[in-house]
Peer 1: 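Got a structure for you, written out below as structure tokens; questions coming shortly.
Counting starts at 1 for both ligands and their atoms, following the listed order. Positions are given from 1, in the same order as the sequence printed here. Please read these numbers as outputs of a predicted model, since none were measured by experiment.
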Amino acid sequence: MAEKRFVYADNAATTKISDAVFDAMVPWLKEGYGNASSIYRKGDESARALNKAREQVATALGAEPREIFFTSGGSEADNWVIKGVAHSLAAKGKKHIITSVFEHHAVLHTCETLRKEGFEITYVPVSDQGLVSVEDIKNAIREDTALVSIMYANNEIGTIQPIAEIGAVCKEKKVLFHTDAVQAVGNVPINVKEQNIDMLSLSAHKIHGAKGVGAMYCRRGIVLPNLIDGGGQESGKRAGTENVAGIVGLGVAITNAIATLPERTARLRVMRNRLIDGLLTISHSRLNGDREKRLAGNVNISFEGVEGEALLLTLDANGICASSGSACTSGSLDPSHVLLSIGLPAEIAHGSLRLSLSDETTDEDVDYMLSVIPQVVDKIRAMSPLWEKIIAYS
Ligand SMILES: *Cc1c(COP(=O)(O)O)cnc(C)c1O
């Protein structure tokens, strides 16, 4: 086996903070501690740093600064939009929400809470390639539909959805459209105006920013209920003294992600394809999700006769950090709802491996993974009664 190295291939779960982001944040954790709401210069410096970050996030999305609201992350933004729209439009008799079966739990569990409150939720299916159909969305829209919420790129299989087309349908039918773009921001070109996106969620820690900070874009003219009542922060809609360092870091992270996007996408695609082609030479393996319409850094492959937990633990022992589904479901033995949604049987879904690459990933990392993973799969299969059955019947 190749000489052991440490390979972080779980960037869809979280990323390492970049030097540029870290360096930009530090002054705001030390000398720049002024409260942005204070009148003196030390406060005003913080307020100006927040303004700059708001402009940076707005620019990255093709939005206006006043349409950006800082949050504690993607989950908070998802909750704010979905519950906010539901509760304000319920008064007008609109109690129907459309989403997809393979959303992140921040969306699915929020919809489930609303269902218990009396809202009706339509979960559109996804194809075996992990794509939502625009026709399905169109057909699901009713008189009483308040919101369509479809993720931009899936966090497990990386598939990129037809967001502009869905946006156009929603605009035509006069229904609000939200997208959870946590995986897409900085990895796919986004323009909320051109794509008719009314609301969008993003998170800093998926793009080399800090954990616990994100943002919600809300098109001007749409009035969401306040998320947190209190002081006047975030136009009075999300009170609480701002996380200046985290927000400054988000501004830098998103700006850098956009600036390096074309070059990074080209480089990651090559590494991703090399991984996919190499891993598919393992017998009884399959790629999950459309091969072309997927994030440049996402690899998701199932190996029959392999148990995901065993795979991850053995890879960890070899220095490789990976995932077998979404981080929220690992620890429980439920197969991933995303892999089930594209039609995988539970036992194959269990044996899936997600490798998510980033700026930091090198060709040597890819070489190492391609040398270790086939051996690990072989080793696990050699001990698996399930694998014995599979080869006996094939
Ligand atoms: C990570 C993630 C979230 C949650 O974001 P947090 O900032 O960790 O709350 C939501 N949606 C998707 C698609 C994600 O990948």
Peer 1: Please determine which of His109, His105, His104 meets the ring-ring contact (aromatic ring centres under 6.0 Å, His included) test together with His337.
Peer 2: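 So, applying the ring-ring contact (aromatic ring centres under 6.0 Å, His included) to His337 and each of His109, His105, His104, only His105 qualifies.
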Peer 1: Could I get the full list of side-chain contact (heavy atoms from CB on, under 4.5 Å) partners for Val377, not counting sequence neighbours?
Peer 2: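 Only Ile282, Phe303, Val306, Leu311, Ile373, Arg381 meet the side-chain contact (heavy atoms from CB on, under 4.5 Å) criterion with Val377.
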Peer 1: So if I only count non-hydrogen atoms and take anything under 4.0 Å from ligand 1, which residues does that give, chain by chain?
Peer 2: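 Ligand 1 is contacted, at a heavy-atom distance under 4.0 Å, by Gly73, Gly74, Ser75, Asp78, His104, Met151, Asn155, Asp180, Val182, Gln183, Ser203, His205, Lys206.
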Peer 1: Can the ring centroids of Phe69 and Trp80 be said to lie less than 6.0 angstrom from one another?
Peer 2: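 For Phe69 and Trp80, the ring centres are under 6.0 Å apart.
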Peer 1: For Asp144, which residues count as a salt bridge (Lys or Arg N to Asp or Glu O under 4.0 Å) partner, sequence neighbours excluded?
Peer 2: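 Salt bridge (Lys or Arg N to Asp or Glu O under 4.0 Å) check on Asp144 returns Arg142.
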Peer 1: Would you check if Arg291 and Gln129 make a side-chain contact, meaning some heavy-atom pair closer than 4.5 Å?
Peer 2: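 They are not in contact (no side-chain heavy atoms under 4.5 Å apart), so the answer is no.
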Peer 1: With sequence neighbours excluded, what pairs up with His284 under the ring pair (Phe, Tyr, Trp, His ring centres under 6.0 Å) test?
Peer 2: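 His284 satisfies ring pair (Phe, Tyr, Trp, His ring centres under 6.0 Å) with Trp387 once adjacent residues are dropped.
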